[in-house]
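Convention: sequence-line order gives letters A, B, ...; per-chain numbering from 1. All values below come from the heavy atoms of this structure, side chains included, with hydrogens, waters and symmetry mates left out.
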Amino acid sequence: MTTETLSLPMSTSGLQSRKKRRQANLAIAGHALMIVMSLFAVFPVYWMLVSSLRAENHIFDTALWPDAASLDNYAYALSAIPIWRMLWNTLVVSAAVTFIQLLTGIAAAYGFARWRFRFDKFVYALIGLTWLVPIQVVMIPNYLLVARMGLLDSLPALILPHFASAFAIMLLTQSMRAFPKEVLEAARMDGAGSWRTLWEVIVPNLRGIIASLAILIFISTWNEYFWPLLLSRSAENTVIQIGIQMFITQEGTSWGPLMAASSLASLPILLIYVVLQRQVIQSFMKSGIR
Amino acid sequence: MSTAALQPVLARPIRRSVRRIGLSAELLPWLYILPAVLAFGVWIYEPLIRAFMLSFYEWNMLPFSPQKWVGTQNYSNIFALQKLWQALGNTAIYVVGLLPMSVAIPLAVAIFTHDLKGRWRNFYRALIFVPMIIAPVVAAAVWRWLLDPQHGILNLALQGLGIAPIDFLGDPNFAIWTIILITGWKLIGFATLILSAANANINPSLIEAARMDGASSWEIVRDIRLPLLSSTALFLVMMTILLGAQWSFTYINVLTAGGPLGSTTNIYYLLWDFGFSSMSVGWSSAAAVVLFVGFSVIAFGLFRMIERYSFYDN
């Protein structure tokens, strides 16, 4: 073996340098590819922010980097529709839905993970199959139910249909099943009932999963469009996503205020993303991989 | 500390407590799952049954107007509608059109960029993920602005290249592809991240062993990476087939309202149109039942396919 490598020093080094160069080229091509994808992903968002900051008579400018910023569009948007109220509504709905889905999810997951009971697999399967029911299939009966409850055009109408999340239940059930049995047994030895065991032993240990679920639920609810479209009527009782739509009209769109409203609707989420970037990506990945 | 030593001491209290709770041990788990079960019953399964029932009636959703039993007439009516067949055809176009952006390109990118350095990878990850957290309505608004025929930056750029401006959302030949592009914009980065994660999970010793055996890079991709990524890729294919057309609902409603000439209407938007524009509960419900049945059949077929055709790395 030694003689072989020694007898061909020139050719191997030549081969290696060629291989190295090829790898360097591949790496450059890889970077180029990712830069193109990154630009494609980020440019629309950048353009939204830039356009929102242009003065009214400069909205059609195409300079990639504007030399003057103006808040005119924001002022106009805020005076045209009750944006603060809508943002507040969105926050209330998103926070409430996050809290409720975590609560119902943790409880249900505990029930499925800790006990065997009659029909448990059947009920679990029914919950898992809910994503087979497209929202448009059940929209009319749900609309009628909300109307009968007298909740049309109110915030509870936007919260109640999101009372439980199948994804949260399944993810939490899986992680609770993986929870070490010895710890549960020890808690039982200490005389802790099932309720106390759940909140004092299991939940503190699942902080990571619960936090990433919370991020996922909050962002998805913040971005939700279908239920508000179906169930709210007046500007005072709706969420920001519907507010954005109010600037889009058939006879001509006021681009500046539209971009300002869109930016206001996105800033809270983008802020969460900047601060908790890794956690946000991880929680969405979990929802995708499973 | 050994469990064997603890066993005799502990056995009694456990058995006693079990006997004491007796009946409630049967009930206890139900109490925990009750809120969730009620929610799904009230908001999903009961409405599903109700939609099935409503599909046999004629009704305009006004509380005091009568519901008239019409048997299967709603079904024969909607199947006679050219609109329905157009919407089903468009649904297929949405799904097929999305596949390159939700599976094929992400798969190629994930494989091609697997050896990028950690710092750079995190930087790109952070950027290509952004569309995923942007609200669909915001995405619709921004793309409408980018694609505006007169002032949109894309058309201005095309003009710079000497190409006449394109009415991306108003031209029946372009509109559906524009909506697909916007839907894909939100997904492409996310799909790339999922496939990259799966790609990074492949055991490097497998690749090393193949390289030792003299396999070329392409052979490694074809014989090792692609088979090991197939279950993740198939999962994304399934998500696209089942949900792809549904994801575009917001863009259709905000940007085209199903037009021009119904060219962007898919089956989900048609349900909305029947229900809340035409106020025809019967038609919408009949179409909902057809959609649900078709959706379930496709889903179960895909589940079985994934079970049969995916390889696992262990």
Side-chain angles (χ1 to χ4, degrees), chain A residues 27 30-31 33-34 37-38 41-42 44-45 47-48 51 60 62 104 107-108 110-112 114-115 117 123 126-127 130 132-134 136-142 161 163-164 169 189 194 219 222-223 225-226 241 244-245 248 253 255 258-259 262 265-266 269 273 277 280-281 284-285 288-289, chain B residues 10 26 28-30 32-33 35-37 39-40 43-44 47-48 50-51 54 109 112-113 116 120 124-138 141-146 151 153 156 189-190 193-194 197 246 249-250 254 268 271-272 275 281 284-285 288 291-292 295-296 299:
Chain A
H31 280 291
L33 193 63
M34 292 312 277
M37 271 190 93
S38 306
V42 176
V45 180
W47 200 241
M48 165 183 83
S51 302
F60 297 134
T62 52
T104 56
Y110 189 54
F112 285 119
R114 176 149 184 186
W115 291 281
F117 50 96
V123 177
L126 274 185
I127 290 177
T130 49
L132 271 183
V133 183
Q136 288 85 355
V137 167
V138 290
M139 67 183 177
I140 289 179
N142 278 339
F163 201 78
I169 294 173
M189 293 307 104
S194 66
I219 294 181
W222 183 280
N223 290 344
Y225 171 67
F226 192 83
Q241 307 300 337
I244 295 171
Q245 209 190 347
I248 304 180
T253 307
W255 295 112
L258 174 64
M259 291 303 112
S262 300
S266 312
I269 300 294
Y273 184 59
Q277 189 223 105
V280 173
I281 295 185
F284 274 78
M285 299 269 283
I289 294 171
Chain B
L10 298 176
E26 271 284 300
L28 203 55
W30 284 99
Y32 280 102
I33 67 170
V37 168
F40 291 121
W43 297 107
I44 306 234
L48 191 61
R50 194 167 287 261
L54 284 170
V109 173
F112 193 71
T113 59
L116 286 183
W120 284 105
Y124 296 133
R125 258 167 70 112
L127 291 181
I128 64 176
F129 182 77
V130 167
M132 193 66 197
I133 54 162
I134 294 293
V137 181
V138 171
V142 173
W143 279 98
R144 189 181 163 100
W145 172 219
L146 291 168
H151 306 291
I153 185 137
L156 292 178
F190 179 62
L193 290 189
I194 289 196
Q246 221 174 328
F249 179 90
T250 303
V254 175
Y268 302 95
L271 290 187
W272 171 258
V281 173
S284 185
S285 302
L291 171 64
F292 175 67
F295 200 74
S296 309

Side chain / backbone / both / neither for [X] at chain B, heavy atoms under 4.5 Å:
X         : answer
Met34(A)  : both
Gln277(A) : side chain
Ile281(A) : both
Ile169(A) : side chain
Phe226(A) : side chain

Can you find a heavy atom in the side chain of [X] that is under 4.5 Å from one in the side chain of [Y]?
X         : Y         : result
Leu126(A) : Phe40(B)  : no
Phe295(B) : Val133(A) : no
Val45(A)  : Val142(B) : no
Ile33(B)  : Phe117(A) : yes
Trp115(A) : Leu28(B)  : yes
His31(A)  : Tyr124(B) : yes
Trp145(B) : Ser262(A) : no

Nearest 0.5 Å, what's the [atom1]-[atom2] distance between [X] and [Y]?
X         : Y         : atom1 : atom2 : value
Arg125(B) : Met285(A) : CZ    : CE    : 5.5 Å
Leu132(A) : Leu48(B)  : CG    : CG    : 10.0 Å
Phe249(B) : Gln136(A) : CZ    : CD    : 5.5 Å
Ile269(A) : Met132(B) : CD1   : CE    : 12.5 Å
Leu258(A) : Arg144(B) : CG    : CZ    : 8.0 Å

Heavy-atom pair of closest approach, residues Ala36(B) and Ala164(A) |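 Shortest heavy-atom contact: CA-CB, 3.9 Å.
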Looking only at heavy atoms, which two atoms of Pro44(A) and Trp143(B) are closest? And how far apart?
->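 Result for this residue pair: CG-CZ2, 3.7 Å.
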Which one wins on heavy-atom pair count under 4.5 Å against chain B: [options]?
options                                   : value
Ile219(A), Leu33(A), Val280(A)            : Leu33(A)
Ile127(A), Val42(A), Val137(A), Thr104(A) : Val137(A)
Trp47(A), Phe163(A), Trp255(A), Tyr273(A) : Trp255(A)

Under 4.5 Å from any heavy atom of chain A - which part of [X]:
X         : value
Leu156(B) : side chain
Thr250(B) : both
Ile133(B) : both
Leu291(B) : side chain
Tyr268(B) : both

Could you check Gln241(A) against Val138(B) for side-chain contact (heavy atoms from CB on, under 4.5 Å), going step by step and ending with a plain yes or no?
-> CA-CA 8 Å; Gln241(A) 307 300 337; Val138(B) 171; 4.3 Å; yes
Stepwise, does the side-chain contact (heavy atoms from CB on, under 4.5 Å) test hold for Tyr32(B) with Phe112(A)?
-> CA-CA 9 Å; Tyr32(B) 280 102; Phe112(A) 285 119; over 6 Å; no
Trp43(B) and Val138(A): side-chain contact (heavy atoms from CB on, under 4.5 Å), yes or no, with the steps?
-> CA-CA 8 Å; Trp43(B) 297 107; Val138(A) 290; over 6 Å; no
Output the option from Ser284(B), Gly275(B), Ala141(B), Ser296(B) having the highest count of non-hydrogen pairs under 4.5 Å with chain A.
->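 So the answer, after comparing Ser284(B), Gly275(B), Ala141(B), Ser296(B), is Ala141(B).
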